[in-house]
Amino acid sequence: MKNTLLFLSFIAIALSGFSQDTYTVSTKTTKAKVPSTLWGLFFEDINRAADGGVYAEMVENRSFDFPKPMTAWSTWPSERLPDGKFMVINQSAVNEADPKYMSVNLNAKDTVGLMNSGFDEGMSFKKGLAYNFMLRYRQVAPGVHVRIFLFSGHNRVIGHNQLSLNESSEWTNQEISITPTDSAKTGKLLVIFEGAGKLDVDRISLFPSDTWMNRKGGLRADLVQKLADLKPGFLRFPGGCIVEGNQIVHRYQWKHTIGPLENREMVQSIWADDVPDRQTPDYMESFGLGFFEYFQLCEDIGAAPLPIINVGMSCQFDAAEVVPVNELEPYISDALDLVEFANGDTSTYWGKKRVQLGHPAPFNMKLLGVGNENWGPQYAEHLKLFTDRLKAKYPDVKLVNATGYSRNIPVFTYMDSVLRKRHADIIDEHFYDTPKWFMDNSSRYDSYVRSGPKIFVGEYAAQSDRIGSMKNQNNLLTALSEACFMTGIERNADVVAMASYAPLFAHVSGWQWTPNLIWFDNTSSYNTPNYYVQQMFSVNKGTDLVSITLNNKSVSGQDSTWASAVIDKTTNELIVKLVNMSSHASKKSFRLDVSVTGMASGASLSGDLKAENSIGSPEYIKPEITMIPANGQHLEFAAKPFSFNVIKVKLK
Ligand code: AHR
């Protein structure tokens, strides 16, 4: 009897083990096409993402147009030169977009200089790499000579050259290259002026020559490569709160961000003082990375462009200014003109501008965000006016509409119902929440109406501490919890058309917000575990959604497991994504409706839940390659404790 009981309980355990751990994958019925846009990027100039980040300009305050014109500059040899040798002139009546310049006035055979300390920790120089120095100047009384020096952080000269100025009294841009003899991480630039004469200097600029695609005045190649490596389906830009601005005058105006740099009017970033614990008073948006460059970046990395435009409201967490309806016309025109700029031909005013800027082909923009994190009746009213005009002229451009900043609150519910009644194209939802919330809500979209608007999960990130906390970390727990949620997004790819983690970039000393997907300093950068989760989903996006179930239910938390599956019809592969949130290794069996062949390959991200990467240990946590023998209609996989796994196998 005792033996029989033991035997029966063994059978029961074995059976329950079998029923709990055998996942059924049905590849023959496609549940939905995986949208090409499903996994994308959210770019905002926050945390020095653009100026001081991906925009490779090394001189901070290069045109003396910061509110305090000597920000990042000092004079040499003494700290102050009260004798009029250097004078900042403000000619806002002549050029509102670029009002200030430095007048250098040398009466005797003087030798004086301007030293720039660069962004944050200083300028990073690579031994043997050419740097492009550019001076924008005009001669008032010729006779001033210019020499340029690169310094290491220890005040050692590691590079120098001199510029032979022409005698033009018109503003002139002149370049010269300097190649340092040594590397430095906290370097500086010194521009020496000597001789007798008067020279007006409007801009002093320094870029590395190894920019992305070797474009002059372009982007940091190492950072753009990280974006390209994500194979993003779309790029949302330029934000985020900077679209709205802390006041309406500080909103993002795309027309101020194209063409010659001297026409791009600088704005103080909303992130300069919005976060009390991380004040960055010198955070200005130079718009060196402007809308033309954003579109070009999208094209470079194969991402559909998703610009977001201001809807006549400033940030509702801030001043919450609302433009009266009868004054909205310029805002609506900005939206209409943007489509023309992106897609129009030379017979149109803005299409011609794009061609003149060097891009004859259209940017093929099919998506436009109207408002960032806006909400409430004022937004609903403005949105209607924008939508009517945009749809009348560009019915094929899909509009992305906001639902505020969070979920399950009257703000969200109100906007969601307004947008659904209006049959909006795409509704943008934002989630900054605990890892537990992300795990618990992987089924969120299972119950969404299939025939209604598509969903854009426009901003999301698990917070290890709490939203707004300066202690949030990009650790494995947050990454795995996002992976759980993302299996739910993938499983609902018929409703969710797009998703992007936020924010994207952060400078390790210049940040205002955490967590972020990619961290960098002026020399290097690292991927977070969250980045790897995004990448494991996006490079394994597949073409068709198929079903994976456990006991006939979708896999979202049972047995501490979350899973989704797609097939890739172009490569004839089955791709299973599986998160094991158990502290134990766990054997997973898959029963398939087709035979598979060869070895299943894949990637596995696992480790200590608190593990993070850093500049010093950039790859402390990263995916490992996995190989599993595969044959017939059965697969066995040993999932590590706390792991996210992608398993890929050829279908016979
Ligand atoms: O991602 C950081 C900020 O979070 C964005 O600017 C804003 O849209 C949201 O509140």
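Whatever order the structure lists them in is the order used to number ligands and atoms, beginning at 1. Everything quoted here is computed from the prediction, not taken from an experiment.
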* For ligand 1, which atoms have a heavy atom of Y432 less than 4.0 angstrom away? -> 1 (O), 2 (C), 4 (O)
* Got an N/O contact under 3.5 Å between H430 and ligand 1? -> no
* **Pairs flagged by salt bridge (Lys or Arg N to Asp or Glu O under 4.0 Å) wherever residues 250-259 is involved - sequence neighbours left out** => K255-D334, K255-D337
* Asked: Hey, is CZ on F317 packed in by over 12 heavy atoms from elsewhere, all under 6.0 Å?
  -> yes
* Could you tell me whether F42 and ligand 1 have an N or O pair separated by under 3.5 Å? => no
* **Contact atoms of ligand 1, heavy-atom distance to E44 under 4.0 Å** => 5 (C), 6 (O)
* Structure fact -> Quick note on ligand 1: atoms under 4.0 Å from a heavy atom of P503 include exactly 1 (O), 2 (C)
* Looking at ligand 1, does Y405 have a heavy atom less than 4.0 Å from it? -> no
* Asked: Do L219 and Y55 come within less than 4.5 Å of each other through their side chains, counting heavy atoms only?
  -> yes
* Asked: To the nearest 0.1 Å, how far is atom 4 (O) of ligand 1 from its closest protein heavy atom, and which atom is that?
  -> E459 OE1, 3.2 Å
* Residue and atom name of the nearest protein heavy atom (relative to atom 10 (O) of ligand 1), distance in Å to one decimal -> E373 OE1, 2.6 Å
* Asked: Do F363 and F295 have ring centroids that are under 6.0 Å from one another?
  -> yes
* To do: Look at the rings of F438 and Y460 and say which category their plane angle falls in: under 30° parallel, 30 to 60° tilted, over 60° perpendicular.
  => tilted
* Going by the atom numbers of ligand 1, which of them fall below 4.0 Å from some non-hydrogen atom of G240? -> 5 (C), 6 (O), 8 (O)
* Structure fact -> Counting from 1 in the order shown, the ligand 1 atoms closer than 4.0 Å to a non-hydrogen atom of W271 are 6 (O)
* To do: Compute the ring centroids of F505 and W513, then answer whether they are less than 6.0 Å apart.
  => no
